[in-house]
Amino acid sequence: MARVVVIGAGYAGVMAANRLAAAGRSDVGVTVVNPRPDFVERVRLHEHAAGATHAVRPLSGLLHRDVRLRVATVETIAERSVRLDDGGALAFDHLLYAVGSTAAHDLPGAENAWHVADLDGAQALRTRLRQLPGGARVVVIGGGLTGIETSAEIAYHYPFLDVELVAPEVAAWLPDASRTRIARKLVDAGIVLRTGRRATAVHPDGVATDAGWLPSACTVWAGALAVPDLARRSGLPVAPDGRLRTDETLVCLGHPRIVGAGDAVAPPRHVAAHLRMSCQAAMPLGAHAADTVLALIRGERPVALSIGMVGQGISLGRRDGFAQATHRDDTPRRFTLSGRAAALVKERVCRFTLSSMRFPRAYRWRSGATPTVPAPTPTTVR
Ligand SMILES: Cc1cc2nc3c(=O)[nH]c(=O)nc-3n(C[C@H](O)[C@H](O)[C@H](O)COP(=O)(O)OP(=O)(O)OC[C@H]3O[C@@H](n4cnc5c(N)ncnc54)[C@H](O)[C@@H]3O)c2cc1C
């Protein structure tokens, strides 16, 4: 029996575990280790924070029936086993590293801010928003996708709060026309845009910026993401930001029994420079990682990664949105969609991720292309 241990039941880990189990090999046993018995729909955490939805569902309804779930946190990875925080250990023949990402606390005073990068953060913000009196000011820091979606979601569900967005620019990576469109929609939603300035520190009662002080009853940090330090702590090869370094088949460099997927891995640039930290990339990475593990079990040479991006779907509250089609290398195409239609597309995509995990062998993705322009830094753009 080949024992496969998957660390992390997020988009990459669940897709990988289910695809392995659905391969129907009686000589492969799959165990997933995750700190909670639930799947967290991270792509809905801004909705969760604003009280629009509950972004948590039992893993029992999502994992393949032959996958075993161990509710625990992996503390360290050794040569052929992982040590768990409940005092236990699991031996493996193949390990799939899919620990995802969370908020980077790299802004001074970030502990004074709320965030939506993980469930605990989103839950705390949900509680805080419900306590705020009418007219209270909420300052969202960050002009990336998370900052845009979070400020719009809060403004939609809490029209009696004053929502402000602070960032040097909003959607800086998009073409001018798309940027202008999104900014106009945010303003129409009642959000005050404080662009052209950078937050320098968060205090309990406000935000210091390079253009002055902004009082705030609730500050939301929607800046960079960071990865857990499990790989680094375990002595595995990591990129400077802590992501596990792999070859182009997702096998960890120098550790042929370890395969990585999702936000927490750094495959070589020639196959992955264009892959943002995103669910859009994590799902095919998880599927590819499963195929790599199966090839290793069969004693075959795994194939190189090939993933093309499709677009960026942005929800702006529940009734509005914006979608930017992209080339395979994630550079923008001319096609965009806006308004209710874009909101519907985004909602469909969120649902599609769950159904894809339930039918993992049928899951297909767009093939990749060599990037033609430098990609955004994966830790700063989702
Ligand atoms: C508010 C928000 C909105 C987003 N919207 C979009 C979007 O519209 N489109 C898009 O493509 N992407 C979006 N993203 C990004 C997307 O959610 C992530 O890129 C995606 O979740 C990465 O998947 P993953 O499987 O790598 O990691 P995750 O989904 O983060 O899962 C990792 C899992 O590993 C577990 N874990 C961590 N450490 C350990 C350990 N030591 N032991 C055991 N388990 C561990 C975690 O608890 C978690 O369950 C959004 C993110 C946020 C925060």
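Order of appearance sets the numbers: ligands from 1, and atoms from 1 within every ligand.
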Closest to [atom] (judged by heavy-atom distance), picking from [options]:
atom                    : options                     : result
atom 31 (O) of ligand 1 : Gly286, Gly10, Gly147, Ala9 : Gly10
atom 47 (O) of ligand 1 : Ser101, Pro35, Gly262       : Pro35
atom 42 (N) of ligand 1 : Ile77, Val74, Val6, Thr150  : Val74
atom 39 (C) of ligand 1 : Leu119, Val99, Ile314       : Val99

Any N/O pair [X]/ligand 1 closer than 3.5 Å:
X      : value
Arg42  : yes
Leu45  : no
Tyr11  : yes
Ala282 : no
Thr146 : no
Thr73  : no

TODO: Can you label the angle between the His115 ring and the His105 ring as parallel, tilted or perpendicular, going by 30° and 60°?
DONE: perpendicular
Practice item. Fit a plane to each ring of His288 and Trp365, take the angle between them on a 0 to 90° scale, and name the class: parallel (under 30°), tilted (30 to 60°) or perpendicular (over 60°). Key: perpendicular
Under 3.5 Å, is there a donor-acceptor pair linking the side chains of [X] and [Y]?
X      : Y      : result
Thr53  : Arg44  : no
Arg319 : Tyr156 : yes
Ser367 : Arg328 : yes

Kindly indicate whether the side chain of [X], heavy atoms from C-beta on, has any atom under 4.5 Å from the side chain of [Y].
X      : Y      : answer
Asp86  : Arg70  : yes
Val310 : Gln280 : yes
Arg42  : Asp263 : yes

Honestly, for Gln280 the part within reach of ligand 1 (heavy atoms, under 4.0 Å) is both
So for Cys350 against ligand 1, with non-hydrogen atoms under 4.0 Å, the contacting part is neither
Determine, using heavy atoms of [X] and all atoms of ligand 1, whether some pair is separated by less than 4.0 Å.
X      : result
Val116 : yes
Ala264 : no
Arg276 : no

Got a salt bridge between Arg179 and Asp176, using NZ or NE/NH1/NH2 to carboxylate O under 4.0 Å?
yes
d(Ser60 OG, Arg65 CZ) to nearest 0.5 Å is 14.5 Å
Between the CD atom in Glu47 and the CD atom in Glu41, the distance rounded to the nearest 0.5 Å is 8.0 Å
Run the numbers for me: atoms of ligand 1, each under 4.0 Å from some heavy atom of [X], listed by number.
X      : value
Lys346 : 7 (C), 8 (O)
Ala12  : 25 (O)
Val33  : 43 (C), 44 (N)
Met277 : 19 (O)
Ala98  : 32 (C), 33 (C), 34 (O)

#### Entry: Atom CZ of Arg245: over 12 foreign heavy atoms under 6.0 Å
no
